[in-house]
Amino acid sequence: MNTEPDNKAGTILAFANQKGGVGKSTSVVNLAASLGLLGKKVLVVDSDPQGNTTSGFGVAKKDLTSSVYEMLIGQAEAASCVRSTRFQGISLIPAGISLAGAEFELILEERRETRLKEALLPIVPEYDFVLVDCPPSLGILTINALVAADSLVIPMQCEYYSLEGLTQLIYSIRQIKRRMNPSLTVAGILITMYNGRLNLSEQVMAELHKYYANKLFKTVISRNVTLSEAPSFGEPVWYYDRHSKGALQYMEVAKELLQRL
Ligand SMILES: Nc1ncnc2c1ncn2[C@@H]1O[C@H](COP(=O)(O)OP(=O)(O)OP(=O)(O)O)[C@@H](O)[C@H]1O
Ligand SMILES: [Mg+2]
């Protein structure tokens, strides 16, 4: 019998930042793909009605009948919403615009903050990692992700307003920890779309190092046009152009993540 301790099975990672367009979905798609290529079994849960992560994996988001929406309102079991993809190690629970309704429909429901956690519970042990993409708000979908998660990845741009947003996010995380998920940790802050030629980037990096040094991923994701092209081909950047800077940097972040958890 194998008595070696396994890596903790089924680590749930939420990717959250209430600020829009900071690279949450790009990071979910490409970190998931990298973890898959490193031999991990990964479930991606697209909990954003925009469905960018869904289309990032080449899945059409129109007319979905087994998606995060059906799972959250209790119309379908998680297992029946999972679909396989052509990418190594990756399964997906997709999202479409119907999920926008969940936000409203759940307002009056009981246990509305724990829907995702409870729905995923039976299937989480089948995976090494579950990556959850969140919408750009601190609404009920993000709260569900933070309640379900073991750990949080915060993608952010290197801009002054991002620092203000981060303060707000850290405050919200404290609230969630205190009231609903005491063991939630921050796996790391990931700088995206970095442009080292800007003085401002350097200043913001200096601030981040001052306050969050131990939380920052050492690898920074540069601004790289290949990363923005890959989704229109419905594939993670590694499959689109494995020699691109974006592909290599996200692979580095995946390795760092494995060391951190
Ligand atoms: N490193 C990068 N270099 C260049 N473009 C990028 C990079 N990362 C993301 N992008 C592009 O920036 C835009 C926003 O990224 P993305 O959709 O991942 O952000 P998001 O935080 O998920 O947005 P939202 O808050 O709307 O969900 C997209 O068009 C994406 O292709
Ligand atoms: Mg997104």
Side-chain angles (χ1 to χ4, degrees), residues 5-18 24-25 27-36 38-48 53-54 56-57 67-69 71-72 74 76-83 85 89-95 99 102 106 111-135 138-155 169 172-190 215 217 250 253-254 256-261:
D6 276 338
N7 275 344
K8 186 176 167 293
T11 301
I12 304 182
L13 291 171
F15 286 63
N17 189 333
Q18 75 281 12
K24 294 181 286 293
S25 304
S27 298
V28 168
V29 168
N30 292 299
L31 271 179
S34 305
L35 290 168
L38 291 170
K40 302 296 176 189
K41 214 174 156 207
V42 183
L43 174 65
V44 175
V45 178
D46 186 357
S47 202
D48 180 356
T53 288
T54 299
F57 283 111
S67 68
V68 172
Y69 172 73
M71 192 173 85
L72 287 181
E77 292 193 356
S80 68
C81 300
V82 176
R83 53 179 77 200
T85 72
I90 309 285
S91 303
L92 172 73
I93 304 184
L99 188 56
L106 288 176
R111 306 181 340 276
R112 58 181 176 270
E113 297 93 357
T114 55
R115 292 290 173 119
L116 184 66
K117 183 188 169 96
E118 286 166 17
L120 290 177
L121 212 56
I123 60 166
V124 169
E126 293 170 32
Y127 301 92
D128 295 306
F129 292 99
V130 178
L131 271 54
V132 185
D133 190 16
C134 295
L138 291 170
I140 196 74
L141 292 171
T142 299
I143 292 172
N144 264 272
L146 294 177
V147 169
D150 298 294
S151 211
L152 168 72
V153 175
I154 306 173
L169 183 57
S172 306
I173 293 164
R174 276 204 204 109
Q175 303 272 77
I176 301 261
K177 266 176 81 100
R178 203 166 52 222
R179 291 162 48 180
M180 285 176 281
N181 185 3
S183 58
L184 179 67
T185 61
V186 176
I189 299 171
L190 177 63
K215 289 294 176 199
F217 282 99
Y250 271 111
V253 176
E256 246 189 83
L257 187 66
L258 291 177
Q259 282 172 359
R260 273 168 182 253
L261 292 172

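Note that the structure is a prediction, hence the values are computed from the model and not measured. Counting begins at 1 with the first residue of the sequence.
- Shown are Leu152, Thr142, Leu116; of these, the side chain to side chain contact (heavy atoms under 4.5 Å, CB included) with Val132 is made only by Leu116.
- Closest approach of Arg112 to Asn144, counting heavy atoms only: O-ND2, 2.8 Å.
- Counting only heavy atoms from C-beta outward, the side chains of Leu31 and Leu13 never approach each other to under 4.5 Å.
- To the nearest 0.5 Å, the span separating CG on Leu146 from CG on Leu169 amounts to 7.5 Å.
- The minimum heavy-atom distance linking Ala254 with Leu38 is given by the pair CB-CD1, 4.0 Å.
- With hydrogens and angles disregarded, a donor-acceptor distance shorter than 3.5 Å links the side chain of Asp46 to the backbone of Thr54.
- Ala16 approaches Pro155 most closely through the heavy-atom pair O-CD, 3.7 Å.
- No side-chain N or O of Thr11 forms a donor-acceptor pair with one of Asp150 less than 3.5 Å apart.
- A donor-acceptor contact shorter than 3.5 Å is absent between the side chain of Asn17 and the backbone of Ile154.
- The CG atom of Leu43 sits 5.0 Å away from atom OH of Tyr127, with the distance rounded to the nearest 0.5 Å.
- Phe15 pairs with exactly one of Leu131, Thr53, Leu190 by the side chain to side chain contact (heavy atoms under 4.5 Å, CB included) rule, that one being Leu131.
- Nearest heavy-atom pair, Leu184 versus Ala149, reported as atom, atom and distance to 0.1 Å: CD1-O, 3.7 Å.
- For the ring-ring contact (aromatic ring centres under 6.0 Å, His included) test, no residue two or more places apart in sequence or in another chain qualifies with Tyr69.
- In this structure, Asn181 contributes its side chain and Ala148 its backbone to no donor-acceptor pair below 3.5 Å.
- Taking each heavy atom of Ala119 and Pro122 in turn, the nearest pair found is O-CD, 3.2 Å.
- With rounding to the nearest 0.5 angstrom, the CD atom of Gln18 is 11.0 Å from the SG atom of Cys134.
- Taken to the nearest 0.5 Å, the CG atom of Leu141 stands 5.0 Å off from the CG atom of Leu99.
- Around CZ of Arg260, the count of heavy atoms belonging to other residues, nucleotides or ligands within 6.0 Å exceeds 12.
- The structure places SG of Cys81 at 8.5 Å from CD1 of Ile123, a figure rounded to the nearest 0.5 Å.
- With a 4.5 Å cut-off on side-chain heavy atoms, Ile143 and Ile176 count as touching.
- Around the CD atom of Gln175, the shell of radius 6.0 Å holds more than 12 heavy atoms that belong to other residues, nucleotides or ligands.
- Here the CD atom belonging to Glu118 is positioned 4.5 Å from the CZ atom belonging to Arg111, to the nearest 0.5 angstrom.
- Here the closest non-hydrogen pair linking Lys215 and Val186 is NZ-O, 3.0 Å.
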Leu258/Leu35 under side-chain contact (heavy atoms from CB on, under 4.5 Å): CA gap, chis, key distance, verdict
CA-CA 9 Å; Leu258 291 177; Leu35 290 168; 3.8 Å; yes
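- Side-chain contact check for Leu120 versus Val45: some heavy-atom pair is nearer than 4.5 Å.
- Residues Val44 and Val28 have side chains in contact (heavy-atom distance under 4.5 Å, counting atoms from C-beta outward).
- Arg115 is not listed as a side-chain neighbour of Val147, based on a closest heavy-atom distance of 4.5 Å or more.
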